[in-house]
Structure formats: C-alpha cells, structure tokens
Amino acid sequence: MHGKEKAVARAFARQLAASVRVPAGIDTDALGTFTGEIPRVGTMVEAARAKALLAMQVTGLRCGLGSEGSFGPHPHIPFIPCDTELLLFVDKINEIEICETLVTHRTNYQSCKCHTGEDISDFLKSIRFPEHAVVVTPSAPSMEILPIKGISSSVDLSEAILHASHASSDRAVQIVTDMRAHLNPTRMAVIRALANRLARRLATRCPQCGAPGFGVVDIARGRPCGWCGEPTQMAIAKVFRCAKCTLETHVSINGVPKTADPGSCENCNP
Ligand SMILES: [Zn+2]
Ligand SMILES: [Zn+2]
C-alpha cells in the first residue's frame with residue numbers, strides 16, 4: 001500500500017534475479033497503522049509474517065516478503081529518535097524464513113504541538129517538509145475526529161491545523177511526521193538499504209546443505225578479560241546460522257582485540 005516495492009525490487013533483481021510483485025487488493029492497514037486507529041497485534045516479526053503470508057495467499061506464490069517499521073527513542077541514546085526496520089522473507093519451497101533488521105538514527109521522526117497561526121517553520125524545516133508528509137491530530141481531543149494524514153503542502157497543513165484545533169479542548173494540535181514509506185523518503189532509503197542486506201543474505205547458500213539465507217543471526221559474547229581471563233559480556237564473534245539445517249559457525253569480528261578491558265570484567269571491576 002505504501003510503495004515499498006520500489007525500495008526492494010532492485011536489490012532482488014540484482015542479487016537474486018527475482019522480481020517483486022505487489023498483490024492487488026490487500027489492505028495492510030487492517031493489520032495495524034502507525035497513527036494507532038488500528039493497533040498492530042503481536043511483535044514486529046509476527047506482523048511482517050502476517051503480511052507475507054497474506055501476500056502469498058493472494059498471489060498464489062510460494063515466496064513472500066513482509067515489512068514492518070517502528071519509531072521511538074533510540075534504545076541506547078534517549079532523546080535521539082530511531083527507526084527500527086524489519087524485512088521478513090517466507091520461503092515455502094525450502095521451508096525457511098529469513099529475517100533482517102536495521103536500527104538507525106537516520107530518521108526525521110518527530111512531533112510538535114502548536115496553535116493556529118503559530119510559526120512552526122523551524123520544525124517543518126527540521127523534518128524536511130513538504131518532501132516528508134505530516135499527520136495532524138487535536139492535542140486534547142474534545143470530540144472524535146480521525147487523524148488528518150499525508151499532508152504535504154502548506155495550504156493543506158494550515159487547513160488541517162484549523163480543523164483539528166476546533167476538535168481540541170486547548171485549541172492546540174499535535175503535528176507528527178507521517179512515517180508511511182511513500183510519504184517519507186528518508187524511511188524509504190533505510191528500507192532500500194535493508195532490502196540490499198536481505199537480498200545479499202538470500203544469495204548466500206549454506207555451505208553444508210545449500211539452503212539460501214546463510215548469514216549472521218547473533219553476536220557471541222564472552223571475550224576473556226585481559227587481567228584474569230574470565231569471560232566478559234564483550235562481543236567475541238559473529239554467529240552465522242543456516243535457516244534450514246543445524247550448521248552454526250562463529251567468525252571473529254575484524255579489528256576486535258583478543259582480550260577485553262578489565263573495566264568490563266565482573267571479576268576485576270564488580
Ligand atoms: Zn577480569
Ligand atoms: Zn544448512
């Protein structure tokens with residue numbers, strides 16, 4: 001519904017000689033919306049899987065792709081907005097499922113509260129409006145109105161602010177970036193990068209059974225402390241795993257020292 005195939009098609013054509021088809025007549029909004037009228041059920045993986053399976057059902061294809069995004073404060077750096085993107089590939093031919101995620105602060109996700117006629121040009125500039133659209137809602141709803149979505153012109157924005165302010169008990173409105181991919185080029189670029197990663201991974205076969213999608217699924221921890229040699233929580237290797245068979249290999253991370261700083265050791269620095 002949101003044109004994400006534009007971000008995915010090239011990577012799949014180049015790396016896998018595969019074409020991406022968009023099933024007609026699917027309402028993915030029924031599976032949850034960003035603006036919250038319909039809450040998403042379950043985790044991001046479950047929501048993406050539901051989309052992929054629905055697409056496979058409609059097209060009759062044996063492979064499907066589902067995408068999910070979520071926005072909020074960065075997990076390690078509060079106050080910095082962050083975009084978590086997930087792409088999930090369901091393959092009923094090989095009976096496998098491959099999932100790739102990308103967490104990035106490369107997002108314009110932001111909101112602002114304002115009144116009619118107030119100068120919000122700094123906010124609009126910072127979120128790169130009108131190339132990126134916005135959603136307007138009453139700040140303190142005094143009656144039920146739907147969020148006004150996909151606003152991408154100054155005229156429409158003024159009108160929406162006026163309309164929503166009448167439905168707000170404090171006469172103020174909340175303006176939030178519209179994070180749907182077709183209205184947010186920054187998000188589209190992140191999905192494109194993730195699609196490249198997923199396609200590369202699908203193009204990598206398992207050295208043991210030949211199934212597609214061999215790749216990094218985890219980071220192994222336990223780098224020995226430089227003083228006492230006890231394992232720490234520091235990363236030691238990338239974990240590669242096959243989605244089909246039991247093969248798992250650990251590959252040491254480039255540029256990571258052999259031992260951990262004693263500061264990260266519970267034994268030496270409790
Ligand atoms: Zn130690
Ligand atoms: Zn395998």
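Order of appearance sets the numbers: ligands from 1, and atoms from 1 within every ligand.
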Flag if over 12 foreign heavy atoms under 6.0 Å of NE2, H250: yes

Can you give the angle C228 SG - the Zn ion (ligand 1) - C225 SG, rounded to 10°? 110°

Listing protein N, O or S under 2.8 Å around the Zn ion (ligand 2) gives C206 SG, C209 SG, C242 SG, C245 SG

With rounding to 10 degrees, what does the angle C268:SG / the Zn ion (ligand 1) / C265:SG come to? 110°

Could you verify whether a donor N or O on one side chain and an acceptor N or O on the other, from N184 and D178, lie under 3.5 Å apart? no

Decide side-chain hydrogen bond (donor to acceptor under 3.5 Å, both in side chains) for T186 and R106; before the verdict, give the C-alpha distance in whole Å, the side-chain angles of both, and the deciding distance to 0.1 Å. CA-CA 7 Å; T186 301; R106 186 180 159 199; over 6 Å; no

Determine, for E85 against R187, whether the closest basic-nitrogen to carboxylate-oxygen distance falls under 4.0 angstrom. yes

Say whether N108 and T177, considering side chains only, have a donor N or O and an acceptor N or O under 3.5 Å apart. no

For the side chain of S168 and the backbone of A164, is there at least one donor-acceptor N/O pair under 3.5 Å apart? no

Classify the ring geometry between F89 and F12 as parallel (under 30°), tilted (30 to 60°) or perpendicular (over 60°). tilted

